[in-house]
Amino acid sequence: MQYISTRNTDLRVKSAAAIKKGLSEEGGLFVPETIPVLTLDDLKKLTKLSYTERAVFVLKKYLTDYLVKELRECAENAYGGGKFDGESPAPLVNLEDGVNILELWHGPTCAFKDMALQILPHFLTKAMKKTGEDKTVVILVATSGDTGKAALEGFRDVEGTKIIVFYPSEGVSDIQKLQMITQEGKNVCVSGIIGNFDDAQSGVKTIFTDEEANTEFLKNGCVMSSANSINWGRLVPQIVYYVSAYCDMVASGQVEMGDKINICVPTGNFGNILAAYYAMKMGVPVKKLICASNQNNILTDFIKTGEYNKNRDFHTTISPSMDILISSNLERLLFDLCGNDAKKVNKWMKDLKEKGVYTVSTDIRKKLSKVLWAGCCDDYFTKECIYKTNEKFGYTIDTHTAVAVDVYNQYKAETGDETPAVIVSTASPFKFNQSVLSALGKDAETAGMDDFGLLECLSQASGMKIPDSLGNLKGKEKRFTGVCDKTELLKTVSEFIGKK
Ligand SMILES: *Cc1c(COP(=O)(O)O)cnc(C)c1O
């Protein structure tokens with residue numbers, strides 16, 4: 001199978017090259033030329049298999065230049081080696097009749113990004129070998145919290161790679177900072193920057209395009225790469241858990257093989273829900289994809305009106321991983337909906353860059369609303385949803401998942417559609433303990449507590465065990481206490497690379 005760019009369909013590369021490059025040179029995103037098919041017989045077969053084997057089956061349809069043996073190694077390393085707690089990395093929990101929660105936070109960093117970032121490093125090192133690259137890949141990451149830690153855990157001690165992460169020193173939660181500065185591994189480096197996330201992001205982008213610096217890195221035997229969510233290698237592992245969730249619905253007798261389900265996803269950069277769209281196009285029976293946003297509801301407006309307009313206020317919310325105004329992966333959906341028309345995509349993306357707004361045709365808007373329904377939920381209702389879900393079901397959800405549960409309820413109320421559903425849960429409630437405890441009415445009780453006090457308190461309120469990876473942070477050595485100025489990123493990277 002060949003991959004083409006959403007902005008240049010003449011460009012054709014194999015999956016290993018697409019994963020190595022991340023982004024196409026003209027700024028487009030790589031997509032498979034055609035979407036492979038899963039038959040009901042395939043799904044029937046998968047129902048009896050483990051998560052790892054389901055993953056191999058789906059991955060081999062997309063990554064056709066990898067040997068099945070290689071993909072099995074990748075999947076076993078990622079999902080089979082005790083990195084995820086519990087029996088399956090993506091268990092489906094039944095909340096009430098016809099409503100299921102897909103828990104994607106059982107990995108080492110307690111957020112769903114582990115599902116892709118645990119396997120991406122293995123795809124990447126194999127891609128380097130396949131493309132004849134003998135250099136060390138240096139992964140540069142700017143993070144506002146979750147991605148940095150998940151990438152560090154994914155790449156730590158992976159042969160042939162090094163990783164360096166920059167975070168805004170005053171812009172992440174205490175627990176997120178602790179997670180990063182105590183990171184283990186011989187090939188890792190973490191640095192705070194004096195500045196905000198945008199400063200970190202633009203600093204990293206500057207290094208990618210700095211020719212002089214890149215020549216210098218080459219002399220040290222290094223090439224730069226990114227673990228950003230626009231990399232195809234991060235998207236394809238996400239398709240797997242939708243296929244797997246459908247199999248689990250069938251296995252538990254909630255639907256008959258072939259019956260449709262609905263899927264609701266808390267959305268930021270549009271990667272997670274796009275993976276659900278690909279699963280549907282492959283043949284997983286899906287009636288509606290429900291796109292849930294927080295107060296940054298640019299996607300809700302777009303899906304309802306066909307106008308994507310980023311000229312609006314940015315809101316800082318209690319579901320920070322969804323605080324985003326440019327959802328990069330939407331480009332892949334648009335490309336598919338307009339029949340792989342790169343000209344159209346180029347025009348929209350140019351308008352977005354120059355004017356901050358683009359509008360799709362009525363035809364595209366109709367296609368959008370046929371597959372997608374969209375809604376949003378502000379912080380007040382997010383907290384109310386956490387409280388009510390806990391009261392009604394004794395089940396505690398994080399702030400991002402709560403946005404999805406609330407929007408799913410809006411969907412059901414508005415449409416009356418009771419099709420059995422999967423609601424995607426993207427983070428452990430322990431990761432956003434302060435907001436969750438506040439939603440549960442524990443503000444007075446927790447005033448002045450440090451993060452470890454909050455973890456204990458949430459454990460009592462929820463009846464859940466504190467994830468080891470968060471509880472164990474307490475005694476850990478702080479390895480990376482350094483902070484650099486936002487103008488010193490390159491210096492920090494050079495020093496790190498220079499170290500053998
Ligand atoms: C990244 C993230 C999201 C958003 O996912 P996208 O693929 O960017 O839409 C939602 N919830 C959590 C907890 C996340 O870390």
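One-based numbering, in listed order, for ligands and for the atoms of each. Counting from 1, the numbers follow the sequence of the chain as shown.
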Going by the ring pair (Phe, Tyr, Trp, His ring centres under 6.0 Å) test, which pairs reach into residues 393-415, not counting sequence neighbours?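 Qualifying pairs, neighbours excluded: Trp373-Tyr411, His400-Phe432.
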Could you tell me which atoms of ligand 1, counted from 1 in the order shown, lie closer than 4.0 angstrom to a heavy atom of [X]?
X	answer
Phe112	1 (C), 2 (C), 3 (C), 5 (O), 7 (O), 14 (C)
Asp146	13 (C), 15 (O)
Thr267	9 (O)
Ala427	13 (C)
Gly271	6 (P), 7 (O), 9 (O)

Do any nitrogen or oxygen atoms of [X] lie less than 3.5 angstrom from nitrogen or oxygen atoms of ligand 1?
X	result
Phe270	yes
Ala111	no
Asn272	yes

Verify whether one side chain among [X] and [Y] offers a donor that lies under 3.5 Å from an acceptor in the other.
X	Y	answer
Asn228	Ser226	no
Glu307	Thr305	no
Trp105	Thr426	no
Gln238	Asn272	no
Thr401	Asp398	yes

Report the nearest protein non-hydrogen atom to atom 6 (P) of ligand 1: residue, atom name, distance rounded to 0.1 Å. Asn269 N, 3.5 Å
For atom 12 (C) of ligand 1, find the nearest protein heavy atom and state the residue, atom name and distance (0.1 Å precision). Thr426 OG1, 3.4 Å
In sequence, state the C-alpha distance, the side-chain angles, and the governing distance for Trp232 and Tyr278, and then conclude on ring pair (Phe, Tyr, Trp, His ring centres under 6.0 Å). CA-CA 12 Å; Trp232 179 255; Tyr278 283 126; 5.6 Å; yes
I want to confirm something. Looking only at heavy atoms, which of Met322, Arg234, Lys113 is nearest to atom 2 (C) of ligand 1? Lys113
Using heavy-atom distances only, which candidate in Pro320, Gly268, Cys291, Ser321 approaches atom 9 (O) of ligand 1 most closely?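 Minimum heavy-atom distance to atom 9 (O) of ligand 1 goes to Gly268.
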Donor-acceptor under 3.5 Å (Asn262 side chain, Lys288 main chain): yes
